[in-house]
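Just below is one structure, and these are the notes that go with it.
Keep in mind it's a predicted model, so treat the numbers as computed, not measured.
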There are 2 protein chains.
Amino acid sequence: MLSQKAKYALKALLILSERPADVPVQVVELAEEGNLPRKFLELIMLELKKHGMVHSQRGKHGGYMLAALPSEITFGDVVRAMDGPLAPIPCASLTAYRKCADCTNEKTCAVRIMMRRVRDAASEILDNTYLSNMSSDGVEALSDQLVSA
Amino acid sequence: MLSQKAKYALKALLILSERPADVPVQVVELAEEGNLPRKFLELIMLELKKHGMVHSQRGKHGGYMLAALPSEITFGDVVRAMDGPLAPIPCASLTAYRKCADCTNEKTCAVRIMMRRVRDAASEILDNTYLSNMSSDGVEALSDQLVSA
DNA sequence: CAATTCCCGATAGGATCAATAGACAATAAG
DNA sequence: CTTATTGTCTATTGATCCTATCGGGAATTG
């Protein structure tokens, strides 16, 4: 499941992607344009900042700016930052592997093998799509995307 | 995330897949062989029965049996029965679509488009792999599987 | 009838999630 | 320098779900 947090984060970052890179956008503005709960979004932006994905400026005319180009930030980056590993089960995760308590022979565990495949498929999609691929300009070129994917 | 429930269900069903189809297997036996919590597994087997995936027999020498051939039950069936839709977000689900409260224009929502792709990829994997593909016999033929997948 | 085994309801602790409130800190503008 | 603005941070809340267990009831076999 994708959390609300991750969904809101993605929406906010996509909004930022369509703005000039050097003009800070306030949380209130992000919340209104994205139809997102303001206070909750504050937390989220803060967390994105801690992950180095956005910069912030305080005081009047302050706000948030992307810390990298929209063509450098993937959906996978954002989802992992907010929700943790893509793998449906820890024993199938690359970035946060953890053994199942109940597992006896991991090498042949069908569940793990299958969930690893699911993880790989999700990664293939999310780690190869950048914010720039999906901003309103980008979405127009979507039919091309779908063919190549 | 795959719940413990779904994981246990899959493990139990895989055990049943390797037994003669007409001999009931008791919950205790499934729990021991699979290293699963017995009481919890009782609930799970019951739920699997309600979903028509297993039959049960009461009384002495009772237990559970698969309601279909291992070559007829997919991982997707089991995961959906236990955890609900595969889609990471309801608005991207085929089987249990629900609109996001905050969404304004669904057609162009990047989050939805991406999550739909993830859903499709997971479905492609889980709905095309059967219990029989992953029972201990099946796992030997795995390298073939991987090539074709 | 007695033993066995599934069936079922209740429940409990814990974790996580979604969201808000309210005070504090930095910055810009006048 | 003062004031308004806006990000920063901590705490807290309610809700929901997850995992798991307990204990007894109902069916079936021998």
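- Using modelled atom types and a 3.5 Å distance limit, the side chains of B:Thr74 and B:Asp77 yield a donor-acceptor pair.
- Side chains of A:Leu126 and B:Arg117 form no contact here, defined as non-hydrogen atoms less than 4.5 Å apart.
- Remark: C1' of D:dC18 and CE of A:Met1 are 14 Å apart, rounded to the nearest angstrom.
- One atom, CG of A:Leu43, and another, P of D:dT8, lie 11 Å apart when rounded to the nearest Å.
- Taking five base pairs at each end of the helix from C:dC1-D:dG30 to C:dG30-D:dC1, the local helix axes there meet at an angle of 10°, rounded to 10°.
- For residues 81-103 of chain A, proximity to DNA chain C is found at no residue, defined as any non-hydrogen atom under 4.0 angstrom from a strand atom.
- Residues of residues 47-64 of chain A having a heavy atom closer than 4.0 Å to DNA chain C, listed by number: A:Gln57, A:Arg58, A:Gly59, A:Lys60, A:His61.
- Reading DNA chain C from its 5' end, the first and the last nucleotide to sit under 4.0 Å from a heavy atom of chain A are C:dA18 to C:dA29.
- We find that CD of A:Glu42 is positioned 9 Å from P of D:dT8, with the value rounded to whole Å.
- Checking B:Met45 against A:Ser3, the closest nucleotide of DNA chain C that is more toward the 5' end is the one next to B:Met45.
- Using a 4.0 Å cutoff on non-hydrogen atoms, the parts of residues 26-41 of chain B near DNA chain D are B:Pro37, B:Lys39, B:Phe40, ordered by number.
- With a 4.5 Å cut-off on side-chain heavy atoms, B:Ser132 and B:Leu69 do not count as touching.
- Residues A:Glu29 and A:Glu32 form no side-chain contact, since every pair of their non-hydrogen atoms from C-beta on lies 4.5 Å or further apart.
- Counting heavy atoms from C-beta outward, B:Val25 and B:Glu33 have side chains that stay 4.5 Å or more apart.
- For the atom pair B:Gln26 CD and B:Lys60 NZ, the distance stands at 10.5 Å (nearest 0.5 Å).
- With sequence neighbours excluded, no residue forms a ring-ring contact (aromatic ring centres under 6.0 Å, His included) with B:Phe75.
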Working for side chain to side chain contact (heavy atoms under 4.5 Å, CB included), residues B:Asn133 and B:Asn128: CA-CA 10 Å; B:Asn133 297 128; B:Asn128 288 306; over 6 Å; no
